[in-house]
Amino acid sequence: MSERYVAAIDQGTASSRCLVFDRAGRIVSVGQKEHHHIYPRPGWVEHDPEEIWRNVEQVVAHALAEARLEPADLVAVGIANQRETTLVWDRETGRALHNAITWQDTRTDHLVRELAQRFGDDHFRERSGLPPATYFSGPKLRWLLDNVPGLRARAGRGEVLFGTVDSWLIWRLTGRHLTDVTNASRTMMMNLDTLDWDDELLAALDVPRAMLPEIRPSAETYGAAAGRLAGVPVAAALGDQQAALLGQTCLAAGEAKCTYGTGSFLLLHTGERPVRSSGGLLTTVCCRVGAEAPTYALEGSIAVTGSLVQWFRDNLGLIGSAPEIETLARTVQDSGGCYFVPAFSGLFAPHWRSDARGVIAGLTGYITKGHLARAVLEATAWQTREVVEAMIADAGVSLSALRVDGGMTANNLLMQFIADVLDVPVVRPIVAETVSLGAAYAAGLAVGFWPDADALRANWHVAAQWRPDMDPARRERGYRKWRKAVARTLDWVDEDDEE
Amino acid sequence: MPGNIQSIERAAAILRLLSGRNRRLGVVDISGELGLPKGTVHGLLRTLQHVGFVEQDPETGKYRLGAALLHMGSSYLDGNELRTRALNWSDSLAARTQEAVRIGTLHDGQVLIVHHVFRPDDSYQTLDVGSLLPAHATALGKVLLAHHPYVAAELARKGMVSYTDQTICDLERLERELEHVRERGWAAEYGELSPSQVSLAAPIMDRRGLTVGAMAIFGPPERLLAARAPRGELLTHVREAAQSVSRELGAIPW
Ligand SMILES: Nc1ncnc2c1ncn2[C@@H]1O[C@H](COP(=O)(O)OP(=O)(O)O)[C@@H](O)[C@H]1O
């Protein structure tokens, strides 16, 4: 009996990867390649679409070769991708007409402010679930239309196609121009209720509909691949964070995961209804499998988590590597009453205060570098609690556990502290590659490799669990102090500050 | 500075001289650099060689820093660093073998657990990172002792506790076993800590080839053994996982 497998292409911000999984959801092989970041000006970050495509072909070939597999051994391939990154290409030649403008790129800063002033935040939020921000694809596409000579005229004639990275890869793999609904939900152009492009949003952004891809479910067979994957059904596409949610098998309302990396992304499954946030969180499509009803999620991102550990290492030089922060933190019992609010460029979810700047509060002569190391780690936990509380208030559900993945989950002290301040168990699954696994799961569901969600749940196993173990009075005292520290970051930036 | 011992100062100067990048120096070079008579340098080098702090290249006759010195300085690797680097490999070892995985380092003659992955069957388990296991009665410990032989002798002096009728409590037997472990590159423990559990371990090495930790699976004998010997495929998984972590440690840190 020959085993069959599912492949996942994870086209991420830093690298492209291809992972092959077996039916038990175990990794069989991996190919990975980094690509270049192009910085034409301060704040601008681009990728070369052709390099990305070449790398994807290479990592696919590598992953197949490593496990000595042929396309016929694969039942399907799924795609997970960096979200919001924006591409335009020529329908005729298939060539990219500009570098990809990545999600981190802030060139649309002015444009976004203008949009917010002219139409109001709610105009966008009500329809798309997103407030105007530089991350999202719509403003990036508008910038391209305004700045690439001839683009707007050609786009109006249907000669130019727009897509996020999923569309670009699906186009190259199958020749079809489409996008999945989770990626479309990050463009600021899709209506969350109709799951179609919204004419009013398109009008506000001044984007011609003719260049937009068709919006399809996240899991369905889009077509058969060409090239190294010849004949393999391309059967899923999801934004990376949505893929991670699926990879963590958060499949029902109230299930949540947080990916703790450079920054952290917390997503809470809210079932079949989109929950509009009053706490400054994003509403986004979670997944749509074939003709099934779509599911939604609330998303809160925490800008500064792992990067604060890096800052502590590089800018203060108190540790030699990120993991050593745990060693240093364990030289003391607690943070000594010290709180570190890393509002390096303002406060994000759920506060949204751009006038805030970072503080270390509660300093006394007693504080050592060990206490500071604790405060750095605890900042990630307290920020998680703020986002979780806002989510629970919006969605009216309670959280029974938090599933975690990402580089910071190697830190036991941090994971225990998160369990303590959230007062729920924190659980790390055995497959840390949740993004790729989620893409594989969606593709496998689309072709019937896994019959249903329960089959996925059976693959999910606990690698580690941290159970809450903190005196409630201490927890609430700590949170109160944290909020006082947050209050001290506000109103720091003045009109006439030199940036 | 009154009270300092001149020959120690001179020995230290030689070591400092040899500690430059891949330094190999002859007696003449050293005596020239330090302005000391050749005979004095020769005598110092002989003593340093005797305690393993310098080694002489048999071909060129030149001296370099010795393995004992390197061991003292750098076989220490931060346990949190080790866990972070090993995370992916230990997870996939647990997924492949369906057994619990632990990574340990040597700490005052005992095995300090720095990482623990649950057996992937979703039964109730508790993280035991930070706990200490006896070195002579675990596969992790045997791997670590095999590469730090002087610790075994120390253990024997303090007395080795017997946990089951399988526990090795005799230094001579333990040393024969450790010799075996060094030759094969892995260690097994057959119910020596608890009758219902066996463990299989392999060394984790840093870029100089020094053993900085060990990685093991733990489980009941009926799953880990066949005909009273470790199951071949499980052993292969353990050794491959430990090698992958070793490769990872050879890489540049973040
Ligand atoms: N043991 C650790 N303790 C605390 N932070 C860590 C640890 N290991 C890694 N990190 C942090 O995690 C981040 C890397 O995680 P990763 O998931 O690889 O991030 P990303 O995918 O965002 O690049 C870095 O910011 C690093 O500082």
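Lettering of chains follows the sequences in order, A, B, ..., and the numbering in each one begins at 1.
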Are side-chain heavy atoms of [X] and [Y] found at a separation under 4.5 Å?
{"X": "A/Q416", "Y": "B/V129", "result": "no"}
{"X": "A/E433", "Y": "B/N88", "result": "yes"}
{"X": "B/R83", "Y": "A/N412", "result": "yes"}
{"X": "B/D78", "Y": "A/E326", "result": "no"}
{"X": "B/Q125", "Y": "A/V462", "result": "no"}

Would you say [X] has more than 12 foreign heavy atoms packed within less than 6.0 Å of its [atom1]?
{"X": "A/W450", "atom1": "CH2", "answer": "yes"}
{"X": "A/H36", "atom1": "NE2", "answer": "no"}
{"X": "A/Q333", "atom1": "CD", "answer": "no"}

From A/R26 CZ over to B/D91 CG, what is the distance, rounded to the nearest 0.5 angstrom? 13.5 Å

If you measure from CD1 on A/I325 to OG1 on B/T84, what distance do you get to the nearest 0.5 Å? 11.5 Å

Under 4.5 Å from a heavy atom of chain B, the part of [X] involved:
{"X": "A/W466", "answer": "side chain"}
{"X": "A/I27", "answer": "backbone"}
{"X": "A/Q310", "answer": "neither"}

Checking B/H115 against chain A: side chain, backbone, both or neither under 4.5 Å from a heavy atom? side chain

Sort B/S90 into side chain, backbone, both or neither according to what part of it lies under 4.5 angstrom from a heavy atom of chain A. neither

Give the minimum heavy-atom separation between B/A95 and A/I430, together with the two atoms involved. N-CD1, 4.1 Å

Mind ranking B/T126, B/L127, B/V101 by heavy-atom pairs under 4.5 Å with chain A and telling me who comes out on top? B/L127

Counting heavy-atom pairs under 4.5 Å with chain B, the top scorer among A/M408, A/Q465, A/R428 is A/R428

